[in-house]
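Note that ligands are numbered from 1 as they come in the structure, with each ligand's atoms numbered from 1 the same way. Computed from a prediction, not measured in an experiment: that's the story for all the values here.
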Amino acid sequence: MSETRQPLALPQDEKVGVLLLNLGGPDSLEDVQPFLFNLFSDPDIIRLPRLFRFLQKPLAEFISAARAPKSAEGYASIGGGSPLRRITEEQARLDPRILLVTVFSFSQARALQKSLETKHLPATVYVGMRYWHPFTEEAIEQIKKDRITRLVVLPLYPQFSISTSGSSLRLLESIFRSDEYLVNMQHTVIPSWYQREGYVKAMASLIEKEFSKFPNPEDVHIFFSAHGVPVAYVEEAGDPYKAEMEECVDLIMSELRSRGVKNVHSLAYQSRVGPVEWLKPYTDVKIKELGQNGIKSLLAVPISFVSEHIETLEEIDMEYKELALESGIVHWGRVPALNCDSTFITDLADAVIEALPYVGAMAVSNLEARQALVPLGSVGELLATYDTQRRELPAPVAVWEWGWTKSAETWNGRVAMLAVLVLLVLEIASGKGLLHQWGILPS
Ligand SMILES: C=CC1=C(C)c2cc3[nH]c(cc4nc(cc5[nH]c(cc1n2)c(C)c5CCC(=O)O)C(CCC(=O)O)=C4C)c(C)c3C=C
Ligand SMILES: [Fe+2]
């Protein structure tokens, strides 16, 4: 973690790139529905049975239209769009002059590039989002234009999940496979990094700092809230997310204990959508329970994401805060996201430098890499270590809300259109049906 690391001995014609992968979020309210469409088109978010894969896009169209009004309300309440792009771009390439002016809004990409320069590694840091601009495909185009020869792929999720880093890596795999330049470009992936000392210390420091804002810091309940995933991801597809999350919380708590912090803590999962069972305890249920049990001071710690986003700014800061106060909690606090925290960014830079020797090499020969739940390696090697059978998973999102609602008529129309589409596809595929009988389609 020192700034005085020796320059890396790289051949002169090597050009190093770092690709930060992230989720992406709508820049404006008009972007909400197309953003949701991209999200629900992802088979790692809604995995349909093989026979029904052709319905992925119509279904995504349907669900995104259904969810857009509620989702847009959330984005409207945080200023009309997601701050994710701005923060992530700033995380890549930090310009210290501008930092003095607007400290908080600085993106991780800028910061990481600056930190790598300080550590004598000239590298270009790119941002590739999964569901919105700048898309991963756009970042890859730039990487090709810049003639990058060694690439370190760094998903900006501390813990690995099939639905986040896994989905981004699957997309990368398909892009890499279909391009001659990329097939030959050497790369490695840092699949998860919640166990890194710098990350753990940075999180512990942020938590400690918030304590001082409470009247009785020793009574504060530390409440880790992670984004949930459906239970089936963990139990049926082998997603390591839950195990990594629990280990991550243990590591941060051990660091706090070593600093003399004795506070009680708990972990819950937020942001579930749809009717299927998600990881428990649910954040809202747990908050109520803590209130009923007489907890008066609660410090919420968002743990699955390193940037401020809709689920910190709206769900935690507004919805959960209100619920906590209604449940009897008197003193509420929230730990800010790491964003461009210098300990964190410096540690990410170290992670990149440590991963570089594995670019193009089989990381499984490295003991430390092998011990991780998801080992360091190339995109292909990584995807071979988990979820290999790509089992069918229940759709996490409600496709239909029963009951006579205001939008029922619109939805009847949409359902009818969807049914016609399904019948049409089935008829074309089978060569049989009414349209063939009536001579509308040739036999
Ligand atoms: C580790 C983080 C995340 C996991 C795991 C995750 C899984 C997951 N998410 C959905 C559905 C939605 N996610 C949405 C937004 C969103 N999700 C994450 C992170 C994780 N998701 C972030 C950071 C964001 C916000 C981006 C931003 O704009 O700031 C949304 C859209 C918002 C909404 O309508 O609530 C949906 C929908 C599923 C189904 C899932 C696991 C299967
Ligand atoms: Fe999500």
Margin query: Does any N or O of ligand 1 fall below 3.5 Å from an N or O anywhere on Leu23, backbone included?
Written below: no

Note to self: With heavy-atom distances below 4.0 Å as the criterion, list the atoms of ligand 1 near Pro26.
What the structure shows: 28 (O)

Check: Considering only heavy atoms, does Thr164 approach ligand 1 within less than 4.0 Å through its side chain, its backbone, both, or neither?
Finding: side chain

Checklist line | Per-atom contacts of ligand 1 with Ser163, taking only distances under 4.0 Å to non-hydrogen atoms | finding: 5 (C), 7 (C), 41 (C), 42 (C)

Item checked: Atoms of ligand 1 close to Ser304 [distance to a heavy atom under 4.0 angstrom, numbered from 1] -> 1 (C)

Check: So, Trp193 versus Phe344, ring centres under 6.0 angstrom or not?
Finding: yes

Check: At a non-hydrogen distance cut-off of under 4.0 Å, which region of Arg67 contacts ligand 1 (side chain, backbone, both, or neither)?
Finding: side chain

Next item on the list: Test Asp44 against Tyr233 for side chain to side chain contact (heavy atoms under 4.5 Å, CB included), laying out the working first.
Entry: CA-CA 10 Å; Asp44 284 314; Tyr233 279 60; 5.8 Å; no

Notebook entry, point to check: Counting heavy atoms only, which part of Gln159 comes closer than 4.0 Å to ligand 1: side chain, backbone, both or neither?
Noted result: neither

Next item on the list: Quick one: look at Ile46 and ligand 1, take heavy-atom pairs under 4.0 Å, and tell me if it's side chain, backbone, both or neither.
Entry: neither

Next item on the list: Restricting to N/O/S, name the atom of His227 that gets closest to the Fe ion (ligand 2).
Entry: NE2

Check: Is the Phe160-Tyr241 ring centre distance short of 6.0 angstrom?
Finding: no

Check: Do Leu19 and Ile140 come within less than 4.5 Å of each other through their side chains, counting heavy atoms only?
Finding: yes

Margin query: Below the 3.5 angstrom mark, is there an N/O of Tyr157, backbone or side chain, next to an N/O of ligand 1?
Written below: no

Next item on the list: Run the numbers for me: atoms of ligand 1, each under 4.0 Å from some heavy atom of Ser82, listed by number.
Entry: 27 (C), 28 (O), 29 (O)

Check: Quick one: which of Arg130, Lys57, Arg170 gives a salt bridge (Lys or Arg N to Asp or Glu O under 4.0 Å) with Asp42?
Finding: Arg130

Check: Which is it for Val352 and Lys119 under the side chain to side chain contact (heavy atoms under 4.5 Å, CB included) test, yes or no, and what are the steps along the way?
Finding: CA-CA 11 Å; Val352 168; Lys119 291 169 184 284; over 6 Å; no

Next item on the list: Please work out whether the ring planes of His227 and Trp278 are parallel, tilted or perpendicular, with thresholds of 30° and 60°.
Entry: tilted

Item checked: Region of Ser271 that comes within reach of ligand 1 [heavy atoms, distance under 4.0 Å] -> neither

Check: Do Lys145 and Glu141 pass the salt bridge (Lys or Arg N to Asp or Glu O under 4.0 Å) test, and can you show the C-alpha distance, the side-chain angles, and the key distance before you say yes or no?
Finding: CA-CA 6 Å; Lys145 274 194 200 133; Glu141 273 314 302; 5.5 Å; no

Margin query: Only heavy atoms of Phe40, strictly under 4.0 Å: list the atoms of ligand 1 that pass.
Written below: 37 (C)

Note to self: On a heavy-atom basis, I'd like to know which of His227, Met245, Arg85 is closest to atom 10 (C) of ligand 1.
What the structure shows: His227

Check: Numbering the atoms of ligand 1 from 1, which are under 4.0 Å from a heavy atom of Ser71?
Finding: 32 (C), 33 (C), 34 (O)

Item checked: Identity of the nearest option to atom 40 (C) of ligand 1, non-hydrogen atoms only, from Tyr269, Trp278, Phe305 -> Trp278

Check: Considering only heavy atoms of Val229, which atoms of ligand 1 have at least one such atom less than 4.0 Å away?
Finding: 5 (C)

Margin query: If you apply the rule salt bridge (Lys or Arg N to Asp or Glu O under 4.0 Å), what do you find for Arg272 with Asp284, and how did you get there?
Written below: CA-CA 10 Å; Arg272 67 187 186 275; Asp284 49 352; 3.3 Å; yes

Next item on the list: Looking only at distances, please establish whether an N/O atom of ligand 1 is found under 3.5 Å from an N/O atom of Tyr75.
Entry: yes

Item checked: Donor + acceptor pair across side chains of Gln270, Glu315 (<3.5 Å) -> yes

Next item on the list: Classify the angle between the aromatic ring planes of Phe35 and Tyr75 as parallel (below 30°), tilted (30 to 60°) or perpendicular (above 60°).
Entry: perpendicular

Margin query: Using the side chain to side chain contact (heavy atoms under 4.5 Å, CB included) definition, which of the options Val249, Val264, Leu256, Ile252 pairs with Ile222?
Written below: Leu256

Notebook entry, point to check: Hey, which atoms in ligand 1 end up nearer than 4.0 Å to a heavy atom of Gly25?
Noted result: 28 (O)

Item checked: Tyr241, any N or O under 3.5 Å of ligand 1 N or O -> no

